[in-house]
Amino acid sequence: MNLPNRITLARICLIPFLMVFLLVDFPFYPEPLQLGSLSLPYNQLIAAVIFIIAASTDGIDGYLARKNNMVTNLGKLLDPLADKLLVTAVLISLVEMGKLDSWIAVVIISREFAVTGLRQIALLDGSVVAASAWGKLKTVVQIVAIVLLLLNNFPFSFTGIHMDVIAVWAAAIITIWSGIDYFIKNKDLLHLSKA
């Protein structure tokens, strides 16, 4: 197993720790961190740090694999799986915490399933659905939205701008559009059999 695949596996292994800090109410947590009018529980701060580390490994493993000619079939399987597991776990946790509407989580997760299905069809057809610019933007905006939700809109909470809400709506809209874009660009893969 090469280094990029190990990094990807490390990303998957961070997910349970992230979930524990988000959903388990440990009695030994100190009082929430107070930054002016902002109250930030330590478990959310720790979870945000874990999420940022995990999300940043996505670019690192892909870069190392391409640069060092270490792209493997295992990596092609694990990398998108790790991304989807990470985002799905956090979105469901945020819904459980009451910080995210469930319909937004459903929209984002459904898009991931749909595009994964499209990629499977492409593989059966002997082709590859490459990541699009919209897909990459979707990932960045989702990560920003999740971090802002985990940090209770820090640092924008001091300005009165609800950047977390704006980022969540932007993530939902871009997620929907990027999914539509994938299907439009790859509509030839969806051969409808004639009855």
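Of the candidates Leu86, Leu9, Ile53, Ile53 is the only one forming a side-chain contact (heavy atoms from CB on, under 4.5 Å) with Leu14.
The CZ atom of Arg66 lies 8.5 Å from the CG atom of Asp61; values are rounded to the nearest 0.5 Å. With rounding to the nearest 0.5 Å, the separation of CG in Leu18 from CD1 in Ile146 is 9.0 Å. Rounded to the nearest 0.5 Å, atoms CD1 (Ile46) and CZ (Phe17) are 12.5 Å apart. Here Ile108 contributes atom CD1 and Trp103 contributes atom CH2; the two are 9.0 Å apart, rounded to the nearest 0.5 Å. With rounding to the nearest 0.5 angstrom, the CZ atom of Phe51 is 10.0 Å from the CD1 atom of Ile15. Within the model, atoms CG of Leu38 and CG of Leu151 stand 8.5 Å from one another, a figure rounded to the nearest 0.5 Å.
The shortest heavy-atom contact between Ala105 and Leu100 is CB-CD2, 4.1 Å. For Leu22 against Ala47, the heavy-atom pair with the smallest separation is CD2-CB, 3.4 Å. Contact detail for Met70 and Leu3: the closest heavy-atom pair is CE-N, 4.0 Å. Nearest heavy atoms, Pro41 versus Asn152: CD-ND2, 3.7 Å. The minimum heavy-atom distance linking Gln34 with Ser39 is given by the pair NE2-OG, 3.2 Å. Between Leu23 and Ser93, the shortest heavy-atom distance links the atoms CD1-OG, 3.7 Å.
Environment of CD in Glu31: sparse, with no more than 12 heavy atoms of neighbouring residues, nucleotides or ligands closer than 6.0 Å. Other residues, nucleotides and ligands contribute more than 12 heavy atoms inside 6.0 Å of the CZ atom of Phe158. At most 12 non-hydrogen atoms from other residues, nucleotides or ligands lie less than 6.0 angstrom from CZ of Phe113.
Contact check for Glu112 versus Val87: no side-chain heavy atoms found under the 4.5 Å cut-off. With contacts defined as side-chain heavy-atom distances shorter than 4.5 Å, the pair Leu94/Leu150 qualifies. Side-chain contact check for Phe156 versus Asp164: every heavy-atom pair is 4.5 Å or farther apart.
Both Val165 and Val147 belong to a common hydrophobic cluster when Ile, Leu, Val, Met, Phe, Trp and Tyr are linked at side-chain heavy-atom distances under 4.5 angstrom. The hydrophobic clustering, which links ILVMFWY residues whose side-chain heavy atoms are closer than 4.5 Å, places Val140 and Ile109 apart. By the rule that hydrophobic residues join a cluster once side-chain heavy atoms approach within less than 4.5 Å of another member, Met163 and Leu45 end up as members of separate clusters. Leu40 and Val144 fall into different hydrophobic clusters, where Ile, Leu, Val, Met, Phe, Trp and Tyr are joined by side-chain heavy atoms under 4.5 Å apart, directly or via other members. Ile143 and Ile166 sit in two unconnected hydrophobic clusters of ILVMFWY residues. Membership requires side-chain heavy atoms under 4.5 Å apart, directly or through other members.
A cation-pi geometry, defined here as NZ or CZ lying under 6.0 Å from the six-membered ring centre and within 45° of its normal, holds between Arg119 and Tyr182.
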What pairs of donor and acceptor atoms, side-chain ones from residues 168-177 against any protein atom, are under 3.5 angstrom apart with sequence neighbours left out?
residue : atom : partner : partner atom : Å
Thr175  : OG1  : Gln142  : NE2          : 3.0
Thr175  : OG1  : Ala171  : O            : 2.5

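Not a single donor-acceptor pair under 3.5 Å links the side chain of Ser110 to the backbone N or O of Val107. Listed for the Asp79 side chain is no donor-acceptor partner under 3.5 Å among the backbone atoms of Thr8.
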Practice problem: Kindly determine whether Thr139 and Asp83 satisfy side chain to side chain donor-acceptor pair (under 3.5 Å), including the steps that lead there. | Solution: CA-CA 9 Å; Thr139 301; Asp83 298 341; over 6 Å; no
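For Thr57, the side-chain hydrogen bond (donor to acceptor under 3.5 Å, both in side chains) test picks out Arg11, with sequence neighbours left out.
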